[in-house]
Amino acid sequence: MKEVFALIDCNNFYASCERVFNPKLEGKPVVVLSNNDGCVVARSNEAKVLGIGMGVPAFEVKNIIEKNNVEVFSSNYALYADMSSRVMETLSTFTPDIEIYSIDEAFLNLAGFSCCLTDYGLKIRKTVKKWTGVPVTVGMAGTKTLAKIANRIAKKSNKANGVVDLTDSAYLSRALAETEVAKVWGVGYMTVLKLKKAGIETALALRDADISWIRQKLGVVGMRTVYELRGISCYPLEQNPSVKKSITVSRSFGKPIEKIEELKEATASYASRAGEKLRQEGLAASVMTVFITTSRFIESRYFNSHTVKFPAATSDTIELVHNACCCIDRLYRKGCLFKKSGIILSGLISEKHIQKNLFDRVDRGKSCRLMQAVDAINSRLDSPLRWAADGLKQPWKVKFNKRSHRYTTHWDELLEVS
DNA sequence: TCTGGGGTCCTAGGACCC
DNA sequence: TCTGGGGTCCTAGGACCC
């Protein structure tokens, strides 16, 4: 049977989430900032028109923001995650064959649907908007890469009504000719440089490029992209989310850290968060990497990392925190102003398959029961239990100065109507 | 002054084996 | 001492994604 992929993409997702609970924002320029209110990570269409770029530091667009009364929000991850699951739940009523690709995107497999695909796309769009308040765009085609392109066109076109179907479309070549090669899924900055050098500027030219040349210059990944542009599907729908291979917790600090004690506190708190994530997934880590860094934007940047292997794979927060602090002792350099640290856990295995260590001095059964108790309490009561190593005052804590209410996940932040 | 966070996959090269 | 071919596994770094 012929493959049909539909890519459903939420429009300006974070900005749209803010609008759902704050209708006054409708029609106004809205931006959402990253942690510490650093960079712009989402923009409403009105904000895009003003020339506010994706990923630019907030201070660089301060003037535009002030002059045009742009509404600015800190990231509200609790809200966006919950809204995302509402959107995905809605989408899964249209077909069980769904791959949740990111917080704001999903692929559906519509192969074998005998209805008019465009009509079905319009129905999806209407339903998601009605049930969740989030506007989405639908792109359909025979491969994921082409569905991405269809979606892009649906976003830009005024005629399309938010739905573009490129399966068996007479417009496919024209669509590819009008798509810059840089906008093709899987083609990043470095690849664009190589392609431009060879005179390949559009998706159409990439589709028609010599495949052995592509294999040589861009490897198998580039080759897959070209096949996908030719309508040969190389990336199937991934329904069962693959098991995680690594877990990272890293944050820039709300203010730079000079003292080793504070650096340990911050890093310990990331380690305990990493432990929570690990246990949520039912995993244990064999390897932990700790890194610290000063600002990326100074010449004398100091970056260093250290990796430890555990004698037996673990998900015990006490062990993770202890090792993280030992790493900091090795990595710390006096006189540096640290901006960020992080924990990367790898060598992940299911907690059911942990290879025990003969000389293990930790009582694993006891530690496991302790972690379960802590997790259970923290999940029920909005995380009241904290580890002493995380510190109390936490002056380094990430700043969210303009965060909206967590309307859908916190009782005391519910929207009030008067 | 102020510059995000969390992932995956591929490739090349080294170590090691028969 | 030199000669050859074929293979696996691991790691670091590159590139890309949202």
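Heavy-atom basis, side chains included; hydrogens, waters and symmetry copies ignored.
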Classify [X] by what it touches in the nucleic acid, base, sugar-phosphate, or nothing, heavy-atom distance under 4.0 Å.
{"X": "A:Thr191", "answer": "sugar-phosphate"}
{"X": "A:Lys255", "answer": "nothing"}
{"X": "A:Ile247", "answer": "sugar-phosphate"}
{"X": "A:Lys194", "answer": "nothing"}
{"X": "A:Val187", "answer": "sugar-phosphate"}
{"X": "A:Glu105", "answer": "sugar-phosphate"}
{"X": "A:Val40", "answer": "nothing"}
{"X": "A:Asp104", "answer": "sugar-phosphate"}
{"X": "A:Lys309", "answer": "sugar-phosphate"}

- prompt: Pick the nucleotide of DNA chain B nearest each of A:Leu218 and A:Val398; which residue has the one closer to the 5' end?
  reply: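 Between the two, 5'-proximity favours A:Val398.
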
task: Report the residue (A:Pro57 or A:Ser242) whose heavy-atom-nearest nucleotide on DNA chain B is the more 5′ of the two.
output: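 The residue closer to the strand's 5' end, by nearest nucleotide, is A:Pro57.
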
task: Using the P atoms only, state how far B:dT3 lies from C:dC18, rounded to an integer number of Å.
output: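 Per the computed distance, 25 Å lies between those P atoms.
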
- prompt: Does the ring center of A:Tyr14 lie less than 6.0 Å from the ring center of A:Phe73?
  reply: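 Between A:Tyr14 and A:Phe73, the centre distance exceeds or equals 6.0 Å.
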
- request: Verify whether the ring centers belonging to A:Phe94 and A:Trp131 lie closer than 6.0 Å.
  value: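 No, the ring of A:Phe94 stays outside the 6.0 Å limit from the ring of A:Trp131, centre to centre.
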
field: Short side-chain donor-acceptor distance under 3.5 Å, A:Arg279 and A:Thr317
entry: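 A pair is found: one side chain offers a donor N or O, the other an acceptor, under 3.5 Å apart.
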
message: Between A:Ser44 and A:Asn12, do the side chains contain a donor N or O and an acceptor N or O under 3.5 Å apart?
response: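 No - no donor-acceptor pair under 3.5 Å links their side chains.
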
field: side chain to side chain contact (heavy atoms under 4.5 Å, CB included) between A:Asn76 and A:Arg406, worked out
entry: CA-CA 7 Å; A:Asn76 186 342; A:Arg406 294 167 290 187; 3.2 Å; yes

- request: State the CG-CG distance between A:Asp165 and A:Leu117, to the nearest 0.5 angstrom.
  value: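 Interatomic distance, A:Asp165 CG to A:Leu117 CG, rounded to 0.5 Å: 5.0 Å.
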
query: Which base, if any, makes a Watson-Crick or G-U wobble pair with B:dC18, both distances under 3.5 Å?
result: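 Result: C:dG5.
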
- request: With a 4.0 angstrom cut-off to heavy atoms of chain A, pull out the first and last contacting nucleotide of DNA chain C, in 5'-to-3' order.
  value: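 Result: C:dT11 to C:dC18.
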
message: Other residues, nucleotides and ligands only: do more than 12 of their heavy atoms fall within 6.0 Å of CD on A:Gln239?
response: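 Yes.
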
